[in-house]
Amino acid sequence: GSKFVRANSYVLINKYTGHKMYWWDHNKWLERQKSFTPEFWEEYKLYHKGTGDNIAKKVSIHFKAKTKWEKNACNSPLQGSGAIIFKIFNRMLFNWVLEKGYFNKVKFCVPVHDEINVECPNEIAEEVRAKIQEIMKEKHVVIIGAGLGGLECGYILAKKGMKVTVLEREAQVGGCLQTFRRGAALFDTGFHYVGALGEGESLHTLFSYFDLMSLPWKKLDEDCFDEVVIGEDAFAFANKHQRFYERMSARFPKEREGLKKYVDFLKQVGDHIFDSFNLQNEGTFTNSLFARSAYEFLNETIKDPLLRKVLSGTSLKMELNAPTLPLYTFAQINDSFIRSAWRLRGGGMQIADKLVGGIEAMGGEVKTRSIVSYIKEEDGKVVGVTINDEDYLEADWVISSTHPAYTVSLVGDSKKMRRIYRDRIANLDNTFGMFTANIRLKPGMLPYQNKNIFVHRADADLWKVNTLNTESV
């Protein structure tokens, strides 16, 4: 509105595309505004008693500009959004014409009032009409599962202008982001802390896109954000790569060379985290790490078995399974926390609530107690889903953010999904879960420590899952 444009010097024409209209002489307007002191207004009053008109002219120019931009703040977003939609439509249709080789057959005439006239030979008229109708039709996406992945997917697609419906089988969205209360105490079910959330870091970029940076994030202790206890010995994890290297080298002086290789490699992985979005290099370095073993890398780089255990000691957040854990997963997660570590005051459910609010603000919807019982396919294309065995919802696309085996079980006889593929997905080994005990201590028993503590038995093998004994907490 008017307050926004006066404070920021531009009108936000469309919040989804980011188009702005700038107030070109805003600085001059602010200078005039500052000059309107109490003394100025006393002098202005004298104008009505016959004093010259320079002061009156200055006031008139100032408030005319204010009125003009207040009107722009109301009208421009409506007119601008319409113009943006019109331009996007023209570009989509023009690209299709080029792709089909119809450049000399289809002619555009674009008058000034957001209309378009299209001329083409009779033999392709029906094809062109169908394409125009397809472009104008709102695309509907159904997303199964309202955990973090499903909600982020819904947010991205809603922001791209698609009609989004997110379906959640439970009464509450969020998955592992959910919180619960016992009396006045609030407990997280799965979300605990995140890494690389500082200014200029990877998660900050992503969370800014999802409008999550306004949540009450608190940075953990930079000198010791994680503490790993092996038997009777405790080891501090410090933020920033050089500091992390120096602290660990002081405890393991014979492993300086190996630690340097380890830290440099983690940093390289973090520096290239967005390579997969670059179409020119296609994330070659990043993708290659999914085929490498994290366990083998650690054993090749670090010779001291205790140091290997220490470096693996914060990894309860991933399954340290020697035969299966990819190097990329291990390196990227550990690197992110070395860059910076943060917790969220008030619980992880705030993330889910914020994403749901964003989806709904952009015209999407999130439905709970909506169990998808069947994904319908026609002629090799998914066309909709059945909900709770009774309601049917049409869709141009269906995206599942649930277990792969469960997803393929929702599809009936399919022309596109072979039986051998279904069987292979259904028989994949699952990762191990984790038992969580939420314990509330009496007030004053322990001072608060702004860090995480991971405790392991001295003889624990962190890279071999032991379901019979509790070796780590």
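Here the structure is a predicted model, which means the values were calculated and not measured.
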*Asks:* Which heavy atom of E227 sits nearest a heavy atom of A234, and at what distance?
*Replies:* OE2-CB, 3.9 Å
*Asks:* Look at the rings of F330 and W463 and say which category their plane angle falls in: under 30° parallel, 30 to 60° tilted, over 60° perpendicular.
*Replies:* tilted
*Asks:* First locate atom OH of Y421, then atom CG of D423, and finally report the distance between them rounded to the nearest 0.5 Å.
*Replies:* 12.0 Å
*Asks:* Evaluate whether atom CD of E390 has more than 12 neighbouring non-hydrogen atoms of other residues, nucleotides or ligands under 6.0 angstrom away.
*Replies:* yes
*Asks:* If you round to the nearest 0.5 Å, how far is CD1 of I143 from OG1 of T402?
*Replies:* 12.0 Å
*Asks:* T179 versus F191: any side-chain heavy-atom pair under 4.5 Å?
*Replies:* no
*Asks:* Is there a side-chain contact between E377 and M417, using heavy atoms and a 4.5 Å cut-off?
*Replies:* no
*Asks:* Answer yes or no: is there a donor N or O on one side and an acceptor on the other, between the side chain of D335 and the main chain of A196, under 3.5 Å?
*Replies:* no
*Asks:* What is the minimum heavy-atom distance between L462 and L320, and which atoms define it?
*Replies:* O-CB, 3.2 Å
*Asks:* Between T386 and S373, do the side chains contain a donor N or O and an acceptor N or O under 3.5 Å apart?
*Replies:* no
*Asks:* To the closest 0.5 Å, what do you measure between OG1 (T407) and CZ (R422)?
*Replies:* 11.5 Å
*Asks:* Hey, could you give me the CD/NZ distance between E222 and K240, rounded to the nearest 0.5 Å?
*Replies:* 6.5 Å
*Asks:* Could you check, using the six-membered ring where one of them is a Trp, whether Y193 and F225 have ring centers closer than 6.0 angstrom?
*Replies:* no
*Asks:* Determine whether a donor-acceptor pair (N or O, by modelled atom type, separation under 3.5 Å) exists between the side chain of D391 and the backbone of I387.
*Replies:* no
*Asks:* Does K160, at its NZ atom, have more than 12 non-hydrogen atoms belonging to other residues, nucleotides or ligands within less than 6.0 Å?
*Replies:* no
*Asks:* To the nearest 0.5 Å, what is the distance between CZ (F180) and CG (D188)?
*Replies:* 9.0 Å
*Asks:* Should the pair K381-D379 be classified as a salt bridge under the 4.0 Å nitrogen-to-oxygen rule?
*Replies:* no
*Asks:* Hey, is the main chain of G149 close enough, under 3.5 Å, to the side chain of S401 for a donor-acceptor pair?
*Replies:* no
*Asks:* So do the side chains of L203 and R339 get within less than 4.5 Å of each other, counting heavy atoms only?
*Replies:* no
*Asks:* Quick check: do W397 and L157 have side-chain heavy atoms less than 4.5 Å from each other?
*Replies:* no
*Asks:* Evaluate Y392 against Y374 for side-chain contact (heavy atoms from CB on, under 4.5 Å), listing each step before the verdict.
*Replies:* CA-CA 9 Å; Y392 179 71; Y374 184 70; over 6 Å; no
*Asks:* For D264 and H241, what are the C-alpha separation, side-chain angles and deciding distance, and is it a side chain to side chain donor-acceptor pair (under 3.5 Å)?
*Replies:* CA-CA 8 Å; D264 288 348; H241 297 90; over 6 Å; no
*Asks:* Flag the pair N452 / H192 as yes when at least one side-chain heavy-atom distance between them is below 4.5 Å, and no otherwise.
*Replies:* yes
*Asks:* Would you confirm whether W217, through its side chain, and G198, through its main-chain N or O, come within 3.5 Å as a donor-acceptor pair?
*Replies:* no
*Asks:* Do the ring planes of F235 and F252 sit parallel (below 30°), tilted (30 to 60°) or perpendicular (above 60°)?
*Replies:* parallel
*Asks:* Hey, does L220 have a side-chain heavy atom less than 4.5 Å from the side chain of K451?
*Replies:* no
*Asks:* Quick check against the 3.5 Å criterion: does E255 have a side-chain atom that pairs as donor or acceptor with the backbone of L307?
*Replies:* no
*Asks:* Walk me through it: do L197 and M213 pass the test side-chain contact (heavy atoms from CB on, under 4.5 Å)?
*Replies:* CA-CA 9 Å; L197 196 62; M213 289 309 300; 3.7 Å; yes
*Asks:* One thing to verify: whether D396 and K163 come together as a salt bridge, which I'm taking to mean a side-chain N less than 4.0 angstrom from a carboxylate O.
*Replies:* no
*Asks:* Is I338 close to Y245 at the side-chain level, that is, under 4.5 Å between some pair of heavy atoms?
*Replies:* no
*Asks:* Hey, does the side chain of N239 reach the backbone of F337 with a donor-acceptor pair shorter than 3.5 angstrom?
*Replies:* yes
*Asks:* How many angstroms lie between CG in D389 and CD1 in I371, if you round to the nearest 0.5 Å?
*Replies:* 8.0 Å
*Asks:* Let's go through I156 and F210 carefully: what are the C-alpha distance in whole Å and the side-chain angles of both, what is the deciding distance for side-chain contact (heavy atoms from CB on, under 4.5 Å) to 0.1 Å, and is it a yes or a no?
*Replies:* CA-CA 8 Å; I156 292 170; F210 292 112; 3.7 Å; yes
*Asks:* Just to verify, which of V269, T329, L266, L311 counts as forming a side-chain contact (heavy atoms from CB on, under 4.5 Å) with N334?
*Replies:* L266
*Asks:* Answer yes or no: is there a side-chain heavy-atom contact under 4.5 Å between V310 and F237?
*Replies:* yes
*Asks:* Q350 vs L344, test: side-chain contact (heavy atoms from CB on, under 4.5 Å). Steps then yes/no.
*Replies:* CA-CA 9 Å; Q350 297 172 91; L344 180 59; 3.6 Å; yes
*Asks:* Please evaluate residues K159 and E152 with respect to the criterion salt bridge (charged side-chain N to carboxylate O under 4.0 Å, His left out), reporting the C-alpha separation (whole Å), side-chain torsions for both, the decisive distance (0.1 Å), and the verdict.
*Replies:* CA-CA 11 Å; K159 198 167 185 175; E152 287 183 332; over 6 Å; no
